[in-house]
Amino acid sequence: MEHYLFLIPLLPLVAFVINLLLGRWVVKHASAYIAQVAMFGSWVVSVLVFFDIRGSSDKVLEQHLFTWIPSGTFNVPVTLHVDQLASIMLLVVTTVSTLVFVYSKGYMAHDGGFYRFFAYLPLFAFSMLMLVLANNLLLLYVFWEAVGLCSYLLIGFWFRRRSANEAAVKAFVVNRVGDVGFGLGIMLTFWTFGTVDFYGPDGIFAKAANHAALGVSGGTMTAIALLLFLGACGKSAQFPLHVWLPDAMEGPTPVSALIHAATMVTAGVYMVARTHPIYLQSESALVVVALIGAFTSFLAATIALVQYDLKKVIAYSTISQLGYMVFALGTGAWVAAIFHLMTHAFFKGLLFLGAGSVMHGMHDELDMRKMGGLRKFMPITFWTFLIASFANAGLIPFAGFWSKDEAIVGAWASASSVGKLAAVVGLITAFLTALYMFRCVFMTFFKAPRFNPEAIHPHESGAWMAVPLVILAVPAALIGFIGFPPENGPFQHFLEPVFEQAPAQTTHANEQASLYTIQEPATTRTAIAAAQAATATETHETHVSTATTVTFGIISTIIAVSGIFVAYLTYITGTISATAIGARFAPLYQLFVNKWYLDEIYHNYITMPFYNFAMFLWRIVDVKIIDGTVNGVAALIGAISQRMRTVQTGLLANYALGIALGMVIIVGIYLAGFSTLFR
């Protein structure tokens, strides 16, 4: 299949070109079919590639397309690289994208920019697929930026809305902050190792693993890792660069599903997982990653608790779930992070498409306070949304339970100094997640309707929208079983070759082994293998004991059920009064309602100072100093010219008089000089 890798990104690229150039005048509404067929074709090739990779534990596919930058000994090739990690990402991106494309046909049917929408969507998918397939940092960075451009175009798709324009600009600017760090990280990597290639004996990963022998300090490795992670904070919406993602809901709902489930926000998590050999060289960097992820998961969950906009609740849920993936990465639970990325793609895509179906049936209403009782009017949307909510809440046996629990257990069992803290935060956040998700379910679909039945007539969505909901509900419910038994399932075994150089999470018998040391790769792999063999009997060849896994499974289930029960008592029976709790804890409630005042902090202490500085540069430096100098010189010359122009009167008599006077003066000067000569 290595000869056909190019088809995976090429097909959506062709759809983009056709729809952009011919969509308005020729293909028109057929642009949807072109995009859907192209994306489906990309999915088919991705499936074939996956089975080809699956056939051998150490198989890697590569296809060299051309050399982008040939400059002496520095060459940057455009080579497509697929290993186990990339094959999983290709399946996630193409599967969710195909279903979103189908859904969009119904959702955007009456939009004036229909063809333009179906040009941007395949461009978005193409950019993400190339990012996944990139075999070097520079190529990854190009499509990292392309993904950002596509998000800008799609968030601001309804450009006549001021709010959509502002949201698109906010997403673009916030991500530029992260991308500056990412770009600097790439530069520092090249300066340190002399290459941007990932693989091979002279690649970044091999040199990073042996950085001490190459004379590269640990501080340099920490700097590289943190700069790259700054880019991930932007793309994957981690604190403090998470503020763009909720505002991105101004775009069409299929865009929200695509961004949150399959493309942009997964890019940061994927990049950190892909570059894990760099992160393994810095314990400090991994601690920062874990702390940021844990704090972000909790922060976003508290904000989601008090939102009434259905899509924004789901958006903050995305930020929170991304936090789980990030703290799993930071504690060395690499496979758990990718496992949660995969399951999250399906149930979060389903949640957003379900929210879009609710909007469609409620005439674009998003305020949950104006809903209620919709399960009778929209049964397909209700049941599929309920399945996704169970998965997001982490209730057994739905997909989210297996992956979220593995991330928490992985953090707890790791040798990371902040692993247990991250795990505890993850458990607290799991309770909040179950609470706010079923707050959504109960307020939207249960009890008496709170909308005006004369103005709004809820109805189920058509087949174009309903079928993708039903299809996505299947993996949202069942796909977690590919990770069973925990820590030792088919999914974990499949990804082992990618992370085989990563030190395993330790059991109590091996807690003294460092999670991060990998200065001598061969020696380290031998040591890890020996440690695993020594503890194989105790742990049944898994990284975490069965007792620990079962204990955390029970705890997380109790927590999820408790969150759902509290939501039931609050929003169904009324036993608990949300209003009374909000009044009793007013400062805390206001903190959550105002999103921890982070937008205000950014506005008052970052945006406005820069704005005022820019106004100073404009009004004082530019207008008064620079323009004043130039305009002053022009005004001075103009004033002199005004005086000089009066010499020219146009009267012949005046000119004759001037000539005569000049002659008299000249003769006078001559005579005066002549008389002086004879004295």
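Please read all numbers here as calculations on a predicted model, not as lab measurements.
Donor-acceptor pairing under 3.5 Å is recorded for the side chains of R439 and Y571. S42 and T94 share no donor-acceptor pair across their side chains, judged by distance under 3.5 Å alone. When only modelled atom types and interatomic distance are considered, H360 and S461 share no side-chain donor-acceptor pair under 3.5 Å.
Y602 places a side-chain heavy atom less than 4.5 Å from the side chain of I606. Side chains of I8 and L90 form a contact here, defined as non-hydrogen atoms less than 4.5 Å apart. Using a 4.5 Å heavy-atom threshold, the side chains of M325 and V272 count as separate. Taking the side chain as every heavy atom from C-beta outward, F143 and P9 never approach each other to under 4.5 Å. Side-chain contact between L351 and N392 is present, with heavy atoms from C-beta onward closer than 4.5 Å. Here the side chains of L154 and P254 are not in contact, with every heavy-atom distance at 4.5 Å or above. Residues Y107 and L353 are not in side-chain contact: their nearest non-hydrogen atoms beyond the backbone lie 4.5 Å or more apart. Contact of the F385 side chain with the T444 side chain is not registered, since no non-hydrogen atoms from C-beta on lie closer than 4.5 Å.
Of the inter-residue distances, the one linking F40 atom CZ with T98 atom OG1 reads 7.5 Å to the nearest 0.5 angstrom. Here the CE-SG distance, from M264 to C150, works out to 10.0 Å after rounding to the nearest 0.5 Å. We find the CD1-CE distance between I380 and M465 to be 11.5 Å, quoted to the nearest 0.5 Å. One distance of note links CZ of F172 with CG of D179; it measures 8.5 Å at 0.5 Å rounding. Considering OG1 of T253 and CG of L258, their distance stands at 12.5 Å, rounded to 0.5 Å. Once rounded to the nearest 0.5 Å, the distance linking CE of M359 with OG1 of T381 reads 13.0 Å.
Listed here is the closest heavy atom pair of A430 and K404: CB-CD, 4.5 Å. Considering all non-hydrogen atoms of both residues, A473 and T384 come closest at CB-CG2, 4.0 Å. Closest approach of E460 and M378 over heavy atoms only: OE1-C, 3.1 Å. Across every non-hydrogen atom of L20 and A119, the tightest pair is N-CB, 3.9 Å. In terms of heavy-atom proximity, I387 sits nearest to A476 at CG2-CB, 4.2 Å. Across all non-hydrogen atoms, the minimal contact from S104 to F118 is CB-CZ, 3.6 Å.
Enclosure of atom OH in Y611 is not indicated, since only 12 or fewer non-hydrogen atoms of other residues, nucleotides or ligands lie within 6.0 angstrom. The number of heavy-atom neighbours closer than 6.0 Å to CZ of F565, taken from other residues, nucleotides and ligands shown, is 12 or below. For W158, the CH2 atom counts as densely surrounded, since its 6.0 Å shell holds more than 12 non-hydrogen atoms of other residues, nucleotides or ligands. More than 12 heavy atoms of other shown residues, nucleotides or ligands fall within 6.0 angstrom of atom CZ in R375.
The distance between the ring centers of F377 and F382 does not fall below 6.0 angstrom. Proximity of the aromatic rings of F484 and W402 is defined here by a centroid distance below 6.0 angstrom, and this criterion is met. Ring pair F445/F442: centre-to-centre distance not below 6.0 Å.
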Could you go through the ring-ring contact (aromatic ring centres under 6.0 Å, His included) check for Y152 and Y120 one step at a time? CA-CA 10 Å; Y152 170 79; Y120 292 163; 9.9 Å; no

Residue pair F390, F401: steps toward the side-chain contact (heavy atoms from CB on, under 4.5 Å) verdict: CA-CA 9 Å; F390 278 132; F401 166 80; over 6 Å; no

Audit row: Y115, V27, side-chain contact (heavy atoms from CB on, under 4.5 Å) steps and yes/no: CA-CA 8 Å; Y115 83 92; V27 298; 5.7 Å; no

Could you go through the side-chain contact (heavy atoms from CB on, under 4.5 Å) check for Y33 and K105 one step at a time? CA-CA 8 Å; Y33 300 117; K105 171 67 170 61; 3.5 Å; yes

Given side-chain contact (heavy atoms from CB on, under 4.5 Å), test L310 with M362 step by step and report yes or no. CA-CA 12 Å; L310 180 59; M362 289 289 291; over 6 Å; no

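Put simply, the residue from N175, N165, D599 that forms a side-chain hydrogen bond (donor to acceptor under 3.5 Å, both in side chains) with K170 is D599. When F239, Y316, F295 are each tested for a ring-ring contact (aromatic ring centres under 6.0 Å, His included) with W596, only one passes: F295. Each of H344, H340, K348 was evaluated against Q321; a single residue qualifies, H340, per the side-chain hydrogen bond (donor to acceptor under 3.5 Å, both in side chains) test.
A salt bridge does not link E145 to K235: none of the charged side-chain nitrogens sits closer than 4.0 Å to a carboxylate oxygen.
Of the possible donor and acceptor atoms, one in the side chain of Y270 sits under 3.5 Å from a partner among the backbone N and O of V132. Between the side chain of W244 and the backbone N or O of G234, at least one donor-acceptor pair lies under 3.5 Å. Of the possible polar contacts, none joining the Y589 side chain to the I581 backbone as a donor-acceptor pair under 3.5 Å is found. Between the side chain of S236 and the backbone N or O of C233 there is no donor-acceptor pair closer than 3.5 Å. Side chain of Q36 to main chain of F101: a donor-acceptor pair is present (N/O by atom type, distance under 3.5 Å, no hydrogens or angles). One N or O on the side chain of R450 and one on the backbone of M368 form a donor-acceptor pair closer than 3.5 Å. For H242 (side chain) and S320 (main-chain N/O), no donor-acceptor pair under 3.5 Å exists by modelled atom type.
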